[in-house]
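These notes are about the structure you will find just below.
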Amino acid sequence: MYRPIGPGFFKQPVLELAPALLGQYIVHETPEGLAAARIVETEAYHGPEDRAAHSFNNRRTKRTEVMFADPGRIYTYQMHTHTLMNVVAGEEGTPHAVLIRGAEPVEGLELMQDRRGWHLKIPDLTNGPGKLSKALGVTMESYGGVWYEEPLFIAPGPGLAGELKAGPRVGIQNTGEAVHYPWRFFEEGNPFVSKYR
DNA sequence: CTCCCGATTCGG
DNA sequence: CGAATCGGGAGA
């Protein structure tokens, strides 16, 4: 049904990979069932030169280690009580990554509602990076895995259904000029794009 | 809109 | 040990 995209897809520069991920599927297979969503919002983090990136100045710690590995690796990290999902991009050794921030449910909607709560409106299931991880059942156990093999993978999708837009990234501050870099990419008007703060 | 929650990391 | 964090939820 859903087939993982080839490993080569992730070798492109992070500022190209981030928009290229829009319109693709993110799929997670678990014992509870399969959940899939079409990605509608991403952000690029440009490692060494990007003050907003965890890997700024090539900061290499246990947490950021996976960003220095080969492209296509899964970088997950904890933010408060939530898990955020990133795709390692570009060349091995350069700590670039794309944060997946929003996606539109395609399959397994009821499973997502089980995980997120049935009182929520549909867009609120997945219109934010922490919400999306929870809806898909992704945890820190995925850290270090790859996005081109089961059970958690990117699959070729139908592409964008609306106009591609770019703008400043969400939730970063005290990062100088990096605050303004237009490295957030999203499908205009889609309700599964997270809210800007 | 405001407040509040709180896991983990990292720097000092 | 303290501060900060690529967020989310609840309640006016």
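In what follows, chains are A, B, ... by sequence order, proteins preceding strands, each numbered from 1. The shown structure was predicted, so the numbers you read here are calculated from the model rather than taken from an experiment.
The nearest heavy atom of DNA chain C to A/H82 and to A/Q173 marks one nucleotide each, and the one closer to the 5' end goes with A/Q173.
Counting any heavy atom pair closer than 4.0 Å across all strands shown, A/T61 reaches sugar-phosphate atoms only and no base atom. Counting any heavy atom pair closer than 4.0 Å across all strands shown, A/I172 reaches sugar-phosphate atoms only and no base atom. Across all strands shown, A/R169 has no heavy atoms under 4.0 Å from either base or sugar-phosphate atoms.
In this structure, A/R38 forms no cation-pi arrangement with A/Y25, as its terminal cationic atom is not both closer than 6.0 Å to the ring centre and no more than 45° off the ring axis. Stacking of A/R169 on the aromatic ring of A/Y181 is not recorded, the 6.0 Å distance cut-off and the 45° axial limit not both being met.
OP1 or OP2 of B/dC5 has not a single side-chain nitrogen or oxygen of A/T81 nearer than 4.0 Å.
The local environment of CD in A/E141 is sparse, with at most 12 non-hydrogen atoms from other residues, nucleotides or ligands closer than 6.0 Å.
In the model, A/E29 has no side-chain atom that pairs as donor or acceptor with a side-chain atom of A/Y2 under 3.5 Å. Side-chain contact check for A/T126 and A/E104: no donor-acceptor pair (N or O, by modelled atom type) lies under 3.5 Å. A/R101 and A/S194 share a side-chain donor-acceptor pair at under 3.5 Å.
Judged purely by atom type and a 3.5 angstrom limit, A/Q12 has no side-chain atom pairing as donor or acceptor with the backbone of A/G90. Side chain of A/R51 to main chain of A/A178: no donor-acceptor pair is present (N/O by atom type, distance under 3.5 Å, no hydrogens or angles). For A/N57 (side chain) and A/R59 (main-chain N/O), no donor-acceptor pair under 3.5 Å exists by modelled atom type.
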Exercise for review: Test A/R60 against A/E65 for salt bridge (charged side-chain N to carboxylate O under 4.0 Å, His left out), laying out the working first.
Suggested key: CA-CA 6 Å; A/R60 190 164 187 159; A/E65 183 64 32; 2.9 Å; yes
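Taking the six-membered ring for Trp, A/H54 and A/Y45 have ring centres at least 6.0 Å apart.
Taking every nucleotide of DNA chain C with any atom under 4.0 Å from a non-hydrogen atom of chain A, the first and last of them, 5' to 3', are C/dT5 to C/dG9.
Near DNA chain C, defined here as any heavy-atom distance below 4.0 Å, the residues from residues 103-128 of chain A are A/R116, A/G128, listed numerically.
For B/dC5 and C/dT5, the C1' atoms lie 14 Å apart once the distance is rounded to whole Å.
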Study note, to complete from the structure: Pairs under 3.5 Å (Watson-Crick or G-U), crossing ones as [ ], inter-strand ones as |: DNA chain B comes out as |||||.|||||.
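A/Q78 places its CD atom 10 Å from the P atom of B/dA7, with the value rounded to the nearest Å.
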